[in-house]
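This report refers to the structure that appears directly beneath it.
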2 protein chains.
Amino acid sequence: MTFAQFSRAAALSRREIYRAIYAEHGPSIKVKKEKTALKNLELIFEATLKISNRKGFRAMTMRDLSQETGLSLGVLYHYFASKDELLDMVQRTGRSIAGRILREAAARENEPAARLRAVIQTHLFLSEAMQPWFYFSYMEVRHLGDPEKDRTKAAELWSEKLLADIISEGQAAGVFAPVDVSLLSAAIKAMLQDWYVKRGKYAKRGYTVDQYANFMVGLVERFCLVGSKQAAPRQGS
Amino acid sequence: MTFAQFSRAAALSRREIYRAIYAEHGPSIKVKKEKTALKNLELIFEATLKISNRKGFRAMTMRDLSQETGLSLGVLYHYFASKDELLDMVQRTGRSIAGRILREAAARENEPAARLRAVIQTHLFLSEAMQPWFYFSYMEVRHLGDPEKDRTKAAELWSEKLLADIISEGQAAGVFAPVDVSLLSAAIKAMLQDWYVKRGKYAKRGYTVDQYANFMVGLVERFCLVGSKQAAPRQGS
DNA sequence: AGGAAAATAGAACGTTTGTTCACTTTTTGT
DNA sequence: ACAAAAAGTGAACAAACGTTCTATTTTCCT
């Protein structure tokens with residue numbers, strides 16, 4: 001699978017995302033007309049990610065947000081009750097989308113090696129398509145209230161366990177070598193996260209997400225695939 | 001090398017660290033007697049790392065810092081001119097210590113495979129000994145002013161280039177396979193960072209830094225060492 | 001076109017923040 | 001023991017913040 005194929009397959013249109021937010025947070029949002037609500041929700045979320053990912057959510061002021069969106073302070077508070085609630089909304093939305101797509105990808109394959117490859121690729125493609133969201137979620141966990149913080153950490157552990165289960169299954173089937181499952185899945189997660197946390201670095205060096213995915217899959221398979229081809233791994237692409 | 005050996009070898013005594021800070025920031029610090037200066041500097045730095053690493057430097061107030069250190073607001077400002085300068089001081093100190101130790105470790109070995117192993121181990125052991133510092137530096141880059149931010153990023157790229165150069169050298173000597181140098185050194189960095197960013201996760205699972213170091217070295221060597229032993233990698237330790 | 005409903009604007013308010021400074025307490029040198 | 005120097009205190013201040021609210025503009029429906 002390539003990133004281009006993934007983009008076509010995954011239903012990730014912006015319109016739908018904001019429609020889902022509007023539907024879910026209906027009671028909290030004091031705007032009646034869907035058309036203006038969607039337009040402003042997109043403005044607000046986009047600006048929040050842009051400003052926060054530059055200087056941090058805590059350092060972003062409501063006046064920053066007002067200026068960037070072109071909306072007045074009063075209007076902003078028609079979409080959330082407080083700045084903290086805005087933080088929760090961004091967090092929740094990203095998590096629910098990411099969870100859905102990852103679950104679908106893991107269910108599509110059966111054979112352990114293929115499943116492992118699919119989850120790695122899908123995670124990378126997803127974080128590529130939603131980079132600001134992933135970066136935000138990663139950097140702002142500390143500023144969440146306890147309930148939302150717990151949910152975020154649980155989601156991260158869930159995706160790591162998804163990897164661990166696949167590896168364990170492969171070991172039981174004899175296709176993966178008996179490496180330390182917990183450490184290997186943690187290492188895979190670390191590399192997955194690096195793609196969206198250090199996105200700028202990879203862009204500057206001219207790497208595409210497809211190249212990174214190929215490299216990661218090669219690295220992981222060469223480490224734990226039993227009887228992996230001993231030919232030297234290829235460069236980049 | 002083990003972490004215990006590293007701890008004994010590296011000169012990392014707290015007294016010396018704060019003496020260096022006091023010596024370097026002499027003109028900015030309005031306290032004449034070295035003894036009280038060192039005592040309070042340690043209180044301030046320790047408290048800054050503790051509070052900031054829980055809720056972020058920006059969210060830490062001077063009153064938080066005053067309460068945690070037991071020093072009054074007025075006294076705090078005898079050690080730095082502003083909150084931003086405190087941020088810079090913490091950042092600079094950690095960077096200079098880390099840079100010195102890494103440089104020494106890289107110079108000690110000659111053969112590429114041994115050097116690579118030494119740099120990985122030293123980086124891990126160092127971040128283990130100074131975990132709060134590393135975590136702080138990683139999470140608060142965004143809140144630095146431009147000059148200090150540039151220096152921090154440069155230091156990170158320097159350590160990545162240190163890895164890349166060792167790998168390139170090993171490839172030229174024929175001991176490393178022709179893998180993508182830039183991607184491999186980036187992946188190594190990602191795993192090194194995961195150790196101190198997710199320190200709590202690994203602690204909860206009962207892993208020591210020595211186990212993590214062995215795993216990482218095994219993973220990397222199995223990926224790029226030409227003619228690496230095909231025996232299945234051992235579990236954990 | 002005109003009036004009701006929805007959306008928008010931004011001045012104003014109370015809090016919290018970083019920072020200062022006149023003052024008190026402690027330590028030092030003789 | 002005592003003055004001078006150093007260290008420490010916390011009330012006070014201005015700026016900046018999140019949030020509210022009334023007044024105004026725009027949109028919608030008939």
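Chain letters run A, B, ... following the sequence lines, proteins first, then strands; residues in each count from 1. FYI, side chains are in, hydrogens and waters are out, and symmetry mates aren't considered; it's all heavy atoms of this structure.
Annotation: side chain to side chain contact (heavy atoms under 4.5 Å, CB included) contacts of B/Val209 (sequence neighbours excluded): B/Phe3, B/Leu124, B/Phe125, B/Glu128, B/Trp195. Contacts of A/Asp88 classified as side chain to side chain contact (heavy atoms under 4.5 Å, CB included), with partners at least two apart in sequence or in another chain: A/Arg92, A/Leu144, A/Glu148.
Atom C1' of nucleotide D/dG10 and atom CD of B/Gln67 are separated by 14 Å, given to the nearest angstrom. In this structure, A/Asp84 atom CG and D/dG18 atom C1' are separated by 10 Å, rounded to whole Å. One can place CG of A/Leu76 at 15 Å from P of D/dC17, the figure rounded to the nearest angstrom. One atom, CE of B/Met62, and another, P of D/dG8, lie 15 Å apart when rounded to the nearest Å. Atom P of nucleotide D/dA6 and atom NZ of B/Lys30 are separated by 14 Å, given to the nearest angstrom.
Mapping A/Tyr77 and B/Gly70 onto DNA chain D via the closest heavy atom, the residue that lands nearer the 5' end is B/Gly70. Across the interface with DNA chain C, nearest-nucleotide mapping of B/Lys83 and A/Glu34 shows A/Glu34 to be the residue nearer the 5′ end.
A salt bridge links B/Lys55 with B/Asp64: the distance from a Lys NZ or Arg NE/NH1/NH2 to an Asp or Glu carboxylate oxygen falls below 4.0 Å. Taking the charged nitrogens against the carboxylate oxygens, A/Glu42 and A/Lys35 have no contact shorter than 4.0 Å, which rules out a salt bridge. Using a cut-off of 4.0 Å between Lys/Arg side-chain N and Asp/Glu carboxylate O, A/Arg14 and A/Glu46 are scored as salt-bridged. Classification of B/Glu104 and B/Arg100 as a salt-bridged pair holds, one side-chain N sitting under 4.0 Å from a carboxylate O.
Below 30°, between 30° and 60°, or above 60°: for A/Tyr202 and A/Tyr207 the angle between ring planes is above 60°, a perpendicular geometry.
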Report summary line: With B for base contact, S for sugar-phosphate-only contact and - for none (protein heavy atoms under 4.0 Å), nucleotides 21-30 of chain D reads B-----SS--

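A donor-acceptor pair under 3.5 Å links the side-chain atoms of B/Arg115 to the main chain of B/Ala106, judged by distance alone. No donor-acceptor pair closer than 3.5 Å links the side chain of B/Thr122 to the backbone N or O of B/Val119.
Looking at heavy-atom distances under 4.0 Å, A/Ser66 makes no contact with the nucleic acid at all.
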Requested in this report: Fill in the dot-bracket string of DNA chain D, one character per base: . for unpaired, | for a pair to another strand, ( ) or [ ] for pairs within the strand, taking Watson-Crick or G-U pairs under 3.5 Å.
Outcome: ||||||||||||||||||||||||||||||

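A cation-pi geometry, defined here as NZ or CZ lying under 6.0 Å from the six-membered ring centre and within 45° of its normal, does not hold between B/Lys50 and B/Phe45.
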**Report entry** Worked verdict on A/Tyr18 versus A/Glu34 for side chain to side chain contact (heavy atoms under 4.5 Å, CB included)
**Finding:** CA-CA 10 Å; A/Tyr18 295 108; A/Glu34 188 181 35; over 6 Å; no

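Each of B/Leu43, B/Ile44, B/Asn40 was evaluated against B/Leu76; a single residue qualifies, B/Ile44, per the side chain to side chain contact (heavy atoms under 4.5 Å, CB included) test.
Judged purely by distance below 3.5 Å, without hydrogens or angles, the side chains of B/Lys149 and B/Gln91 never pair a donor atom with an acceptor atom.
Scanning residues 36-60 of chain B for heavy-atom distances under 4.0 Å to DNA chain D yields B/Thr36, B/Asn40.
Reading DNA chain C from its 5' end, the first and the last nucleotide to sit under 4.0 Å from a heavy atom of chain B are C/dT17 to C/dT28.
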